[in-house]
> 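I'd like to ask some things about the structure below.
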Amino acid sequence: MMPENEQQDSNTLAGEYVLGTLQGQDRIDFEQRLDSDVQLQGEVDAWHQRFAPMLDGIEPVTPPNAVWDQIAHRIEPGQPAHEESTGFWNSLSFWRNLGMVAATLVLALGMTLMTTRQQGMEMDSIMVVLNDQYRTGWLVGAHASEGFLNVKAVEPTELPKGKVCQLWMEDERGHLHPIGLLPHNGSQQMDLPNSMSTRNRFKVSVELMDLLPKDKPSSEIVFEGKLTEI
Amino acid sequence: MSVAYVSTCRFDAWSVLLRYIYIPRGEFMANGDNDQQEAIRLRNQELERLLAACALSDRKAFARLYSMTSAKLYGVVLRILNRDDLAQDCLQDAYIKVWNNAGNYRSQMAAPLTWMSAIVRNQALDLLRKRKREVMESNDSGLPEQIDGALLPLEGLTRTDDGKRLGNCLEQLKEQQRQVIALAYFKGLTHDELAAYTETPLGTIKTWIRRGLDQLRRCLES
């Protein structure tokens with residue numbers, strides 16, 4: 001366990017990092033520590049939360065329409081991925097990635113992220129599938145008129161080799177229909193059975209990759225939920 | 001280097017600071033508190049769903065997210081940068097970051113607007129620092145937009161429960177500690193710049209901030 005003085009120092013450093021007064025080599029050293037120090041990441045998160053109300057007092061100001069026009073243009077399919085795409089944020093704590101480090105790494109990961117995205121989807125309902133830590137494991141989106149789901153891995157559950165998470169959809173009679181395997185990374189489209197609606201419930205089971213069941217899950221359900229309209 | 005930069009902005013700093021960093025005690029909203037909390041909860045739920053849809057590349061959801069949050073975030077950027085042209089470019093870049101990183105938002109870590117505000121604030125402070133470096137390299141006469149005489153927005157701390165708690169804890173700090181923390185947070189001033197701007201020894205500034213943060217944390221956790 002960390003001595004109290006050391007704990008206090010690292011907490012204050014985290015506060016200075018969020019405040020912005022930690023600069024130069026101290027900031028670089030701090031960010032290097034932050035990369036692997038989960039406790040420090042939690043302290044940075046906590047400071048962001050503590051300071052958040054500071055921004056509440058600022059009066060809203062409507063930006064000119066041209067700002068949105070520019071943004072809309074930049075996210076059109078086919079536009080190059082700019083330096084703003086920071087896959088660097090994919091680690092446990094996003095806050096630490098708000099600094100100015102590892103620009104080349106940021107660009108490389110950002111480009112990877114962009115290439116895995118499928119452009120131009122429009123969703124009218126969304127479901128967050130929780131992982132074994134009760135955090136966002138996958139995002140599932142659907143459009144009522146489309147016959148498929150769009151599934152994106154966020155923080156998927158770590159499974160033993162040979163095991164996978166299988167997504168099921170429940171019909172009105174309580175029967176489960178296999179929809180697909182939740183991806184371990186990137187995005188994936190999954191076709192929906194013709195008779196099914198996006199109003200049905202979804203369930204997830206953990207299965208053996210080589211013995212995927214088709215009628216019903218072979219193990220207990222680890223998650224269930226419904227799509228929610230946006 | 002940074003001393004030269006801030007010295008161009010100095011104008012009887014303490015008297016201005018004493019005037020504009022004031023936290024009024026809120027005694028309102030007792031009746032509307034529940035309604036307001038419910039409205040915030042519903043808004044957060046919608047923003048979470050929109051961010052999830054953005055992560056799945058839904059541009060329509062992104063447009064809705066922008067319409068719900070851009071005025072708030074533009075206000076933040078404008079407050080930090082004080083210039084329309086810079087603020088508009090900065091807001092644009094910040095939203096591209098939100099779009100590209102929506103899949104990394106974690107609701108257990110922060111409310112959606114807190115997450116987006118942190119992105120926007122950091123984007124604005126990065127821009128401010130970049131311009132500072134450019135000015136220093138060109139020996140220009142400084143960045144008059146960085147610090148102005150307008151009120152820092154601490155008076156808004158009475159609007160939410162978290163804000164009231166933070167406001168009460170800030171009130172327990174020494175005036176100077178509160179002032180340098182607010183200037184660093186809103187204007188991105190470094191230790192050196194705060195020392196120059198307030199005409200206070202650097203060591204004293206560092207002590208004020210460290211002790212101020214420690215005291216703030218203890219107060220908020222109590």
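These figures come from a predicted structure and were not determined experimentally. What you see below is based on every heavy atom in this structure, not just the backbone, and it leaves out hydrogens, waters and symmetry mates. Proteins get letters first, then strands, A, B, ... in listed order; numbering begins at 1 in each.
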> Crowded around B:Gln45 CD? As in, over 12 foreign heavy atoms under 6.0 Å?
yes
> Check the side chains of A:Asn11 and A:Trp47 for a donor-acceptor pair under 3.5 angstrom, ignoring hydrogens and angles.
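Judged by distance alone, the side chains do pair up.
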> Quick check, are the ring centers of A:Phe223 and A:Trp168 under 6.0 angstrom apart?
no
> Validate the cation-pi geometry between B:Arg121 and A:Phe51: distance from NZ or CZ to the six-membered ring centre under 6.0 Å, angle to the ring axis within 45°.
no
> Tell me whether B:Arg41 at atom CZ has more than 12 heavy atoms from other residues, nucleotides or ligands lying less than 6.0 Å away.
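Enclosed: over 12 neighbouring heavy atoms sit under 6.0 Å from CZ of B:Arg41.
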> Does B:Asp85 have more than 12 heavy atoms from other residues, nucleotides or ligands lying within 6.0 Å of its CG?
yes
> So what's closer than 4.5 Å to chain A heavy atoms on B:Ala63: side chain, backbone, both or neither?
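Contact with chain A is through both the backbone and side chain of B:Ala63.
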> Select one option (side chain, backbone, both, neither) describing which atoms of B:Glu221 are under 4.5 Å from chain A's heavy atoms.
side chain
> Quick check for you: among A:Ala52, A:Gly20, A:Pro63, which has the greatest number of heavy-atom pairs under 4.5 Å with chain B?
A:Pro63
> Any idea which of A:Gly15, A:Ala72, A:Pro64 has the most non-hydrogen atom pairs under 4.5 angstrom with chain B?
A:Pro64
> So which part of A:Leu19 gets closer than 4.5 Å to some heavy atom of chain B, the side chain, the backbone, both or neither?
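The answer is both parts of A:Leu19.
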> What part of B:Tyr185 gets closer than 4.5 Å to chain A, counting heavy atoms only: side chain, backbone, both or neither?
both
> Which bit of B:Ile181 is near chain A, if near means a heavy-atom gap under 4.5 Å: side chain, backbone, both or neither?
both
> Which atoms of B:Glu46 come close to chain A, meaning under 4.5 Å heavy atom to heavy atom: side chain ones, backbone ones, both, or neither?
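Looking at B:Glu46, nothing touches chain A.
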> Is B:Ile209 close to chain A through its backbone or its side chain, or both, or neither, when contacts mean heavy atoms under 4.5 Å?
side chain
> Establish, from distance only, whether the side-chain atoms of B:Asn44 and B:Glu48 form a donor-acceptor pair under 3.5 Å.
no
